[in-house]
Protein chains: 2
Amino acid sequence: MRSVIESPVPSAAQARVIAAAQKLFARHGVGGTSLQMIADELGVTKAAVYHQYRTRDEIVLAAARAELDILAAVVATAEEEPSPQRARDALIDGIVDLTVDRRRTVSTILGDPVIAGFFDDDEQFREVMHQMRRLLVGEDASAEARVRLAMLLAAISGAATHPFVRDLDDDTLREQLSELARRFLGLRG
Amino acid sequence: MRSVIESPVPSAAQARVIAAAQKLFARHGVGGTSLQMIADELGVTKAAVYHQYRTRDEIVLAAARAELDILAAVVATAEEEPSPQRARDALIDGIVDLTVDRRRTVSTILGDPVIAGFFDDDEQFREVMHQMRRLLVGEDASAEARVRLAMLLAAISGAATHPFVRDLDDDTLREQLSELARRFLGLRG
DNA sequence: GTCTATAGTGCGATAGAC
DNA sequence: GTCTATCGCACTATAGAC
């Protein structure tokens, strides 16, 4: 089942603003990134950036939304798999790929307290989370299942930025994350 | 073995600044917290805060260092356990307690990109990480052990702030985190 | 240890020309 | 879609009185 919630598709110029913002958020944090920095990164003036988005908050929201859209696409692809097992595996691999490809970006942006606040009551965010939960632990709503799920998602995105794994190449990291995530999820009491 | 690296002990007034800063960092992010906000939180003026620390960066560093000191104390306590198994269990429980007690604080502060940069070449940080590594996976330096360790630490601190577990009470969360962490670490290929 | 007052800078945001 | 120019404001930081 596809998500019924659609984000507005950014124009090419907006997409450039978003990409610049995400890059800077990952390096300096959301609160540590100014409009001037985004403009400089793009090689234009602040006024040009304001032509794409009316406030700084809109840029932050659009950048966070774009990150969430990528995750939603991974979830939607996984849901098209024919069996629950294959859907589960596809989701894990999708999240691992996404995280390793973008290393700091995903965890820093989705982990930022300001963005977490934005998403607190966000319908798309809740739907994506709900879909992931159903794919990974089914209808099990026990405390154990929820903690296990939260740990799994935090482990994948958090581990990719950890100093312990900094000198691992992407392929090795992907392989290990995927394998360990699958085994962690398969744990039975 | 105790850490040989000691942080300067903050005065009472400095400790209040640090506590206020940590609270605000958790809510607004490091870059999103101004000196004015810290002063307001304490009910004093900016000049009074500047009397304790000469620059904003020093406050950020002191707050991060204080967080690291707590973690270092947990590691030191675990190292005094008589057997490797008990040391490992004590470390896991210590990290879980720390994370649940302080929920957003630990992961937001240690996960902030600016603070991660501060700690990149920090000796105390490296030593604490090294000690944790030795306690949890011994001398195993394989890619698998390193990824497993990074995942474990990210899973504990990240899961505590995850929306999936928001409505769990502290005791339940502690119990589940501790149990699942121990099982994850015990996984054998 | 806290205050008032202030300097200097960079911020978010807007107006209007091209 | 980009620019220059500007407004008003909040910021970091300092000086000096109490």
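In what follows, every chain begins at residue 1, and chains take the letters A, B, ... in the order their sequences are listed. Source: prediction; values computed, not measured. Values below: all heavy atoms of this structure, side chains included; hydrogens, waters and symmetry mates excluded.
Salt-bridge check for A/Glu79 with A/Arg134: passed, with a basic side-chain N closer than 4.0 Å to an acidic carboxylate O. Salt bridge A/Glu81/A/Arg88: absent, no basic N to carboxylate O contact under 4.0 Å.
At least one donor-acceptor pair closer than 3.5 Å links the side chain of A/Arg126 to the backbone N or O of A/Asp120.
Here C/dC11 presents its P atom at 11 Å from CD1 of A/Ile38, a figure rounded to the nearest Å. Rounded to whole Å, atom P of C/dC3 lies 10 Å from atom CG of B/Leu42. Spacing between atom OH of B/Tyr53 and atom P of D/dT12 amounts to 16 Å, rounded to whole angstrom units. As rounded to whole Å, 14 Å separates atom P of D/dT12 from atom CD of B/Glu58. Counting to the nearest Å, the C1' atom of D/dT12 and the CE atom of B/Met37 are 15 Å from each other.
Applying the under-4.5 Å side-chain rule to Ile, Leu, Val, Met, Phe, Trp and Tyr, the cluster around B/Tyr53 extends to B/Val17, B/Ile18, B/Leu24, B/Leu35, B/Met37, B/Ile38, B/Leu42, B/Val44, B/Val49, B/Tyr50, B/Ile59.
Note on residues 167-179 of chain A: pairs passing side-chain hydrogen bond (donor to acceptor under 3.5 Å, both in side chains), not counting sequence neighbours, are A/Asp93-A/Ser178, A/Asp101-A/Arg174, A/Arg103-A/Asp170, A/Asp167-B/Arg146, A/Asp169-A/Thr172, A/Asp171-A/Arg174, A/Ser178-A/Arg182, A/Glu179-A/Arg183. Judged as a ring pair (Phe, Tyr, Trp, His ring centres under 6.0 Å), the pairs with a partner in residues 115-162 of chain A (not counting sequence neighbours) are, in order, A/Phe119-A/Phe125, A/His162-A/Phe164.
Comparing B/Thr45 and A/Thr33 by the nucleotide of DNA chain C whose heavy atom lies nearest to each, the residue mapping closer to the 5' end is B/Thr45.
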Enumerate all atom pairs, one protein N or O and one N or O from nucleotides 13-17 of chain D, separated by less than 3.5 Å.
from: D/dA13; atom 1: OP2; to: B/Tyr50; atom 2: OH; distance (Å): 2.8
from: D/dA13; atom 1: OP2; to: B/Arg56; atom 2: N; distance (Å): 2.6
from: D/dA13; atom 1: O5'; to: B/Tyr50; atom 2: OH; distance (Å): 3.3

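The side chain to side chain donor-acceptor pair (under 3.5 Å) check on A/Asp40 picks up A/Gln36, with sequence neighbours excluded.
Across residues 14-30 of chain B, not one residue has a non-hydrogen atom less than 4.0 Å from an atom of DNA chain D.
Side-chain atoms of A/Thr108 and A/Arg27, non-hydrogen and from C-beta on, never get closer than 4.5 Å to each other.
Comparing C/dC11, D/dC11, C/dG1 by their nearest atom to the side chain of B/Gln52 picks out C/dG1.
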